[in-house]
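Comments concern the structure below.
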Amino acid sequence: MQGVAAWLVASPLHAVLALAATISLAWFSFLSGVVLVLLVLAKGVRAAALDALMAGGLMVIVGFIAGVPQATIVQGAVAIWVPAMLLGTVLATTRSLTLTLQLTVIIAAVVT
């Protein structure tokens with residue numbers, strides 16, 4: 001797993017391709033959030049947000065070619081990436097997994 005993590009962090013192109021590929025997996029789109037949290041922890045919030053923005057743009061272009069509505073792509077990416085970015089930022093800032101999990105439960109309780 002360390003090899004995969006090192007590959008993802010090595011280049012912005014790798015990060016963008018991984019984010020775009022994992023968000024398009026129907027049952028495994030949560031892996032895109034995992035990749036984004038890894039990028040936040042390894043590269044920082046700004047670089048991870050830029051990678052996510054580029055991956056979103058790539059997915060919109062691919063969706064346009066495939067005939068998928070762009071609103072569907074953007075909603076799916078926002079639903080996965082915004083909470084992952086928030087929780088990754090909390091984890092990177094506080095270095096407290098306990099606080100991050102508590103915040104996850106609070107967000108889940110508010111959303112549902």
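Atoms CE and CG, from Met54 and Leu13 in turn, are 8.5 Å apart once rounded to the nearest 0.5 Å. In this structure, CG on Leu91 lies 11.0 Å from CG on Leu103, to the nearest 0.5 angstrom. Note that CG of Leu101 and CD1 of Ile106 are 11.0 Å apart. Values are rounded to the nearest 0.5 Å. Going from atom CD1 of Ile23 over to atom OG of Ser29 covers 5.0 Å, rounded to the nearest 0.5 Å. If you take CZ on Arg46 and CG on Asp51, they are separated by 14.0 Å, rounding to the nearest 0.5 Å.
Shown here for Lys43 and Ala15, the closest heavy-atom pair between the two residues is NZ-CB, 4.4 Å. Pairing each heavy atom of Ala55 with each of Trp81, the nearest pair is CB-CH2, 3.8 Å. The minimum heavy-atom distance between Ile73 and Gly63, with the atom names listed, is CD1-CA, 3.5 Å. Closest heavy-atom contact between Gly33 and Ile80: N-CG2, 3.7 Å.
For the pair Ile107 and Val111, the minimum side-chain heavy-atom distance is below 4.5 Å. Side-chain contact between Val82 and Leu86 is absent, with no heavy-atom pair separated by less than 4.5 Å. Leu17 has its side chain within reach of Leu58: a pair of non-hydrogen atoms, C-beta onward, lies under 4.5 Å apart. Put simply, the side chain of Leu39 reaches to within 4.5 Å of the side chain of Leu19, judged on heavy atoms.
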Start with the C-alpha gap between Thr100 and Arg95, add the side-chain angles, then the distance that decides, and say whether side chain to side chain contact (heavy atoms under 4.5 Å, CB included) holds.
CA-CA 9 Å; Thr100 305; Arg95 294 291 179 190; over 6 Å; no

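Each of Val90, Leu97, Thr98 was scored for a side chain to side chain contact (heavy atoms under 4.5 Å, CB included) with Thr94, with one residue passing: Val90.
Both Leu36 and Val74 sit in one connected hydrophobic cluster of ILVMFWY residues. Membership requires side-chain heavy atoms under 4.5 Å apart, directly or through other members. In the hydrophobic clustering of ILVMFWY residues, with side-chain heavy atoms under 4.5 Å counting as a link, Val4 and Val40 come out together. Both Val35 and Leu38 sit in one connected hydrophobic cluster of ILVMFWY residues. Membership requires side-chain heavy atoms under 4.5 Å apart, directly or through other members. By the criterion of side-chain heavy atoms lying less than 4.5 angstrom apart, applied directly or through intervening Ile, Leu, Val, Met, Phe, Trp or Tyr residues, Val60 is not grouped with Val16; the two fall into different hydrophobic clusters. No path of Ile, Leu, Val, Met, Phe, Trp and Tyr side chains, each step under 4.5 Å between heavy atoms, connects Leu8 with Leu87, placing them in separate hydrophobic clusters.
Atom CZ of Phe30 is surrounded by more than 12 heavy atoms from other residues, nucleotides or ligands within 6.0 Å.
For Ser24 (side chain) and Ala21 (main-chain N/O), a donor-acceptor pair under 3.5 Å exists by modelled atom type.
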